[in-house]
Amino acid sequence: MRSSIIILSFFALGIILALSGLLPRWMLNESLSTYALYLLMLIVGISVGSDKSMSEIFRRMKLVHLLVPVGVILGSLAGAVIVSLFIHQISHGTAMAIGAGFGYYSLSAILISGIRGDEAGVVALLANIFREVFTLVMAPFLVKLFGRFSIIASGGATAMDTTLPVIVRFSGKEMTVIAILSGIVLSLLVPVLVPFLLIFFS
Amino acid sequence: MSVVVVIGLFLVGLIAGRFFKSYSVVRKRASLFMMWAVYLLLFFLGISVGNNPDVIENIPQLGLQAFLLSVGAVIGSVVVVALLMLLFHKNNRLS
């Protein structure tokens with residue numbers, strides 16, 4: 001939660017400074033953030049590729065463990081597309097890309113704003129923050145209505161960190177491993193799936 | 001096209017990262033750098049949004065869209081995972 005607040009403060013600070021009109025001209029240059037995004041993607045790749053524990057986790061993983069993240073992917077994309085049928089301002093592809101943020105709002109908002117523009121980026125940021133907040137708030141109800149896996153499903157990528165405490169508390173300690181696995185798989189997919197959906201359905 | 005560059009650079013990083021597996025320094029630097037790059041990019045997104053009157057005016061509407069998309073994605077995920085569990089997950093083998 002602490003890092004969420006820091007991240008949002010940077011976003012808010014940007015808005016406030018822009019509105020105040022105090023910023024120097026060069027900071028308003030669009031290509032600046034495009035190059036920063038390119039650099040970020042390279043670094044995300046390096047950090048994933050160089051992670052030894054990651055390959056260890058994948059080696060130990062059984063096929064059944066993938067059921068949860070696979071269900072989250074299918075469900076998030078389907079749910080977002082169904083909603084986009086009723087919202088004419090958002091295309092089906094953008095809606096799916098937003099759903100494919102899986103709650104990883106920093107990276108998904110950056111990617112979607114870089115590729116689809118500010119408006120879609122803001123929706124992605126808010127939608128994926130809401131996802132984290134819903135999961136934290138609704139956790140006890142989710143377990144009662146849909147069973148123990150539901151909080152992990154709702155948490156998506158955040159099941160490995162920010163929503164893990166409510167998963168442990170309301171679904172049980174024995175769900176920790178599956179929550180972390182599902183969260184890792186989904187977090188890793190965000191940088192690939194979001195741009196892919198935006199190209200494929202544009 | 002920028003999307004291709006985005007995916008391409010991620011893959012290049014992924015492959016390059018495999019050569020740094022035994023250097024924990026690289027990994028630590030990378031995650032620190034990543035954190036600051038995320039802060040910087042969200043700061044830029046904020047600036048860009050603040051300079052875009054259309055977005056600022058539409059914030060309530062964008063918020064509603066975000067809310068609905070989020071509800072859709074959460075309900076979809078929970079329902080599909082519950083169905084998959086009913087189909088494949090017998091005797092709690094997963095936990």
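So that the names make sense, note that chain A is the first sequence line, chain B the second, and so on, each numbered from 1. Both backbone and side-chain heavy atoms feed into the values below; hydrogens, waters and symmetry mates do not.
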Taking all non-hydrogen atoms of both residues into account, name the closest pair between [X] and [Y] and its distance.
X        : Y        : result
A:Arg131 : A:Gly103 : CD-N, 3.8 Å
A:Gly101 : A:Ser108 : CA-CB, 3.6 Å
A:Leu77  : A:Met96  : CD2-O, 3.3 Å

For [X], which atoms come within 4.5 Å of any heavy atom of chain B: side chain, backbone, both, or neither?
X        : result
A:Leu107 : neither
A:Val177 : neither
A:Ile98  : side chain
A:Leu125 : side chain
A:Leu198 : neither
A:Phe134 : side chain
A:Ile82  : neither
A:Leu111 : side chain
A:Leu17  : side chain
A:Ala78  : neither

(request) May I ask you to check whether A:Thr94 and A:Arg116 show a side-chain donor-acceptor distance below 3.5 Å? (result) yes

Are the side chain of [X] and the backbone of [Y] linked by a donor-acceptor contact shorter than 3.5 Å?
X        : Y        : answer
A:Ser84  : A:Val81  : yes
A:Ser113 : A:Ile110 : yes
A:Ser154 : A:Ile151 : no
A:Thr163 : A:Thr158 : yes

At a heavy-atom distance under 4.5 Å, which candidate from [options] has the highest pair count against chain A?
options                            : answer
B:Gly50, B:Gly72, B:Ser22, B:Ala73 : B:Ala73
B:Gly76, B:Gly63, B:Gly46          : B:Gly46
B:Asn58, B:Val38, B:Leu42          : B:Leu42
B:Leu11, B:Ile75, B:Leu68, B:Val79 : B:Leu68
B:Gly17, B:Ala37, B:Ala16          : B:Gly17
B:Ile7, B:Val26, B:Ile15           : B:Ile7

Chain B interface, residue from [options] that has the most non-hydrogen pairs under 4.5 Å:
options                               : result
A:Leu13, A:Thr176, A:Val48            : A:Leu13
A:Ile90, A:Val70, A:Asp51, A:Ile46    : A:Ile46
A:Gly99, A:Ala12, A:Ala36             : A:Ala36
A:Ile152, A:Leu74, A:Val122, A:Leu145 : A:Val122
A:Ile16, A:Leu42, A:Val194            : A:Leu42

Pick one of side chain, backbone, both or neither for [X], based on which atoms fall under 4.5 Å of a heavy atom in chain A.
X       : answer
B:Asn52 : side chain
B:Phe43 : both
B:Leu64 : neither

(message) Ring centres under 6.0 Å, that's the criterion: do B:Phe33 and B:Trp36 meet it?
(response) no

State, yes or no, whether a side-chain contact exists between [X] and [Y] at a heavy-atom distance under 4.5 Å.
X        : Y        : value
A:Val168 : A:Met175 : no
A:Val44  : B:Phe10  : yes
A:Leu37  : B:Phe44  : no
A:Ile73  : A:Leu193 : yes
B:Ser70  : A:Asn128 : no

